[in-house]
Amino acid sequence: MFLFAAPSFAQQDGVTLNYRDAELRSFIEDVAIETRKTFIIDPQVTGKVNLISTEPISGDLLFETLLSVLKVNGMSVVPTSSGAYKITKSDLALGDGGPVNKNATGDALVTRVFAIKYTDPMTISAAIKPYVARSGSSFARSGLPMVVVTDHADNMIRISQIIASLDVDQTVIRTLNLLHTSPTEMAEVADQLTVQSGFDGASASLLQTIVVKGSNSLILKGMPEVVDQYMPILADIDRNNANRGDMRMVRLKYAKTDKMLPVLQQLIDAIEYEQGEGGTRNGNNEIMIAEHAGTNSLVINASPEIQQRLAEIITQLDVPQDQVLVEAIVVEVSENASKQLGLQYILAGGDSSNIPFTVANYSNSAPNILAATGAIVVDDGEGSSGTSASDILKAAAVDSFLGLDGFSVGAAGRTSNGGVFGVILNALASDTDSNILSTPSVMALDNESATFLSGQEIPITTGEVLGSANSNPFRTIERKNVGIQLEIKPQINDGNEIRLDIRQEVSSISGPVSSLSTELVTKKREIQTTVRVGDGEVVVLGGLIEQNERISVDKVPLLGDIPFLGRAFRSEGKTRENTNLMIFLRPTIVRNKNEMARVTNRKFDYMRQRQILSGSELSVDDIMNNVVTTKPITNE
């Protein structure tokens, strides 16, 4: 039964409610008419309403009254995206959504996310659980600094106050000044003591240690009872270290003793100078340090305070060095072109002929016309022993034909009165292109030199002594490297920039000095520079574009200068050589084993693909399995 205080249904006047054992659905319908809101009622919504009001209730308070009536009956209202309200059981309303972190009031069902700053979220979730309504819920997960709570808006206010009172920073910070122990060493001891005391791996949150190397102190942060428990223990350990011996061995992890020792010796000289009176050395406080290369260790003989200072310096210097893979590409493109054109002739009369002897023969032309003519004219008859003049001339003619390049045409014969004539035309045009590509690569530690060489060692004569009457001749030689040489020294700077000291050499054998000498001429191209390049970037070191052109002319004086006809009395040769040499370089920083495996696998896969393309029966994987390791290298 729905009773009104006045016959008017105006919302601004309000309504007076009087319900006795009325159906819940009927009450929802009346509120919908009065508030002009749309309700979606779940079929499971049932119940009775007993509600009495002595004063008129406006539309907004009427909706809040509906929420309270539904809460009493175990129901909740969930707003939808369309603006309507869905009425269902409270345990089902948790998963149907609702406003999140909204400033709702009354009995509206809301969800709020609380950010936890100082306390364990699991602890807070367990603490507020008794205060969350049966129709609400709370959620927390270890490692996630937040708690999610779903409850009625009025109850959410109390829960937020409880969480605010629990989530406060109760830790304290204490400073422990160390006299005889390194703060780094003491921090390791504090961490081990915390784990051993049964905190189950949560030592980082219960007792945090911060190393202050400048003041040789250790900052402890944690709960007051935890800090008070361990601080006296750590102070006692520091006092006991004052009684340790004057000798201490420090084993290096990454650095080498032969490189660490000179640095420490300079520090020792400075410390002894400071401890001396009036700026002089004090023999009573002499510090000694020695190395043991077998175990890569340093032995320090000094007071505990000096041992501590030196050990701290060693710890800061003994760090793993990054590596740099330097890949170079040497490209040389060469083009050679040569042209020759020459005319040789011979004319001679017989014994009774008046024809004079005349010949045109050039050194840059083959075959030799004199050798060919001599083989025709001289004839010793049959049965010669092979050492006659005829045989020698024939052999010389054949040798001159072996040096023939290009195209030759000629004619020769005898005249009726015994004269001899011959003519040879020789023409040559040749082009030679070459493309030499070398890809040397080398891996080096940061600030360490590395060298790569691929080539030959050739002998170079440096001295020669014949002796008296050539009785005891001897020659001294020096071996010289010829090929591709790459020398680098990388330095990794801030921002993954690499400073490279580079020396790149490309050398080869050009040939002998002359046909009469066995001495060799070598070609050498070298670049020595220092560059800055980013990690993985390609930089060009330099290049050489060289062009040589050589023209040789052999001619008969005066006759060879006659226009047009002079070509019959001269031989011309022209050679042009173009060389283009470029050197590219790419450094890559390798910081850990994963990056090392990545660059190694890239090179390994390249060799594997090359073997597959070439059809090689010998697999690099088989070699790796049988010789290097028990399993092949695979990409991670």
Side-chain angles (χ1 to χ4, degrees), residues 178-193 196 209 211-218 234 236-276 280-325 442-451 487-492 501 589-593 595-596 628-629:
L178 303 175
L179 300 177
H180 312 289
T181 309
S182 166
T184 303
E185 181 181 358
M186 188 63 74
E188 295 177 357
V189 174
D191 293 339
Q192 294 177 4
L193 286 175
Q196 291 176 355
T209 58
V211 175
V212 183
K213 297 180 180 179
S215 60
N216 198 50
S217 58
L218 188 67
L234 299 178
D236 186 58
I237 294 175
D238 183 50
R239 286 192 297 270
N240 293 335
N241 283 339
N243 300 324
R244 62 186 177 186
D246 293 339
M247 286 192 179
R248 181 180 181 183
M249 186 188 75
V250 179
R251 177 168 294 179
L252 302 182
K253 299 178 181 179
Y254 307 102
K256 300 292 293 184
T257 55
D258 56 347
K259 294 188 176 181
M260 183 75 72
L261 191 59
V263 178
L264 297 178
Q265 191 60 52
Q266 295 181 14
L267 295 176
I268 290 173
D269 295 340
I271 293 174
E272 290 180 342
Y273 184 83
E274 292 175 358
Q275 292 181 345
T280 59
R281 291 181 179 270
N282 188 352
N284 297 330
N285 296 327
E286 185 176 2
I287 306 170
M288 298 183 62
I289 185 169
E291 65 170 327
H292 185 257
T295 58
N296 197 37
S297 303
L298 295 173
V299 180
I300 304 174
N301 183 12
S303 61
E305 293 80 6
I306 300 301
Q307 290 183 20
Q308 174 188 340
R309 294 175 62 180
L310 294 178
E312 187 65 29
I313 295 297
I314 293 174
T315 302
Q316 298 180 31
L317 296 177
D318 188 23
V319 294
Q321 292 177 273
D322 294 333
Q323 301 180 91
V324 177
L325 173 65
V442 62
M443 181 84 73
L445 285 174
D446 186 20
N447 291 308
E448 297 288 343
S449 300
T451 303
E487 299 178 4
I488 64 167
K489 185 177 182 181
Q491 175 182 316
I492 302 176
D501 296 332
I589 301 176
V590 180
R591 300 188 184 276
N592 49 52
K593 63 179 182 180
E595 295 182 359
M596 175 67 75
V628 180
T629 183

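Everything quoted here is computed from the prediction, not taken from an experiment. All residue numbers in this chain count up from 1 along the given sequence. FYI, side chains are in, hydrogens and waters are out, and symmetry mates aren't considered; it's all heavy atoms of this structure.
Other residues, nucleotides and ligands contribute only 12 or fewer heavy atoms inside 6.0 Å of the CE atom of Met288.
The heavy-atom pair separating Thr209 from Ala190 by the smallest distance is CG2-CB, 3.8 Å. Across all non-hydrogen atoms, the minimal contact from Met260 to Ile314 is CE-O, 4.4 Å. Shortest non-hydrogen contact noted between Leu317 and Val263 is CD1-CG1, 4.1 Å. Taking each heavy atom of Asp258 and Glu291 in turn, the nearest pair found is N-OE1, 3.4 Å. When every heavy atom of Leu218 is checked against every heavy atom of Ala187, the shortest pair comes out as CD1-CB, 3.9 Å. Heavy-atom minimum distance, Leu445 versus Pro490: O-CG, 3.6 Å.
Side-chain N or O atoms of Gln307 include one that pairs as donor or acceptor with a backbone N or O of Ala302 at under 3.5 Å. Judged by distance alone, the side chain of Asp446 and the main-chain N or O of Gln321 form no donor-acceptor pair under 3.5 Å. With hydrogens and angles disregarded, no donor-acceptor distance shorter than 3.5 Å links the side chain of Asn296 to the backbone of Arg251. Within the 3.5 Å criterion, the main-chain N or O of Gln491 finds no donor-acceptor partner in the side chain of Asn447.
A heavy-atom distance below 4.5 Å is found between the side chains of Met596 and Met443. The side-chain heavy atoms of Thr451 and Val442, taken from C-beta on, include no pair separated by under 4.5 Å. For the pair Ile306 and Ile300, the minimum side-chain heavy-atom distance is 4.5 Å or more.
In this view, Gln323 satisfies the side chain to side chain donor-acceptor pair (under 3.5 Å) rule with no residue, not counting sequence neighbours. Remark: Asp236 engages Arg239 in a salt bridge (charged side-chain N to carboxylate O under 4.0 Å, His left out) (not counting sequence neighbours). Applying the side chain to side chain donor-acceptor pair (under 3.5 Å) rule to Lys259 yields the partners Glu448; only residues at least two apart in sequence or on another chain are considered.
Taking CD1 of Ile287 as the reference point, atom CD1 of Ile271 lies at 5.0 Å (rounded to 0.5 Å). The line from CG of Asp318 to CD1 of Ile313 is 12.5 Å long, rounded to the nearest 0.5 Å. Atom CG of Leu261 and atom CD1 of Ile268 lie 7.5 Å apart (nearest 0.5 Å).
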Check against side chain to side chain contact (heavy atoms under 4.5 Å, CB included), Arg591 and Ile492: CA-CA 11 Å; Arg591 300 188 184 276; Ile492 302 176; 4.3 Å; yes
Criterion side chain to side chain contact (heavy atoms under 4.5 Å, CB included) on Thr184 and Glu312, from CA distance to verdict: CA-CA 8 Å; Thr184 303; Glu312 187 65 29; 3.5 Å; yes
Check against side chain to side chain contact (heavy atoms under 4.5 Å, CB included), Asp322 and Val590: CA-CA 6 Å; Asp322 294 333; Val590 180; over 6 Å; no
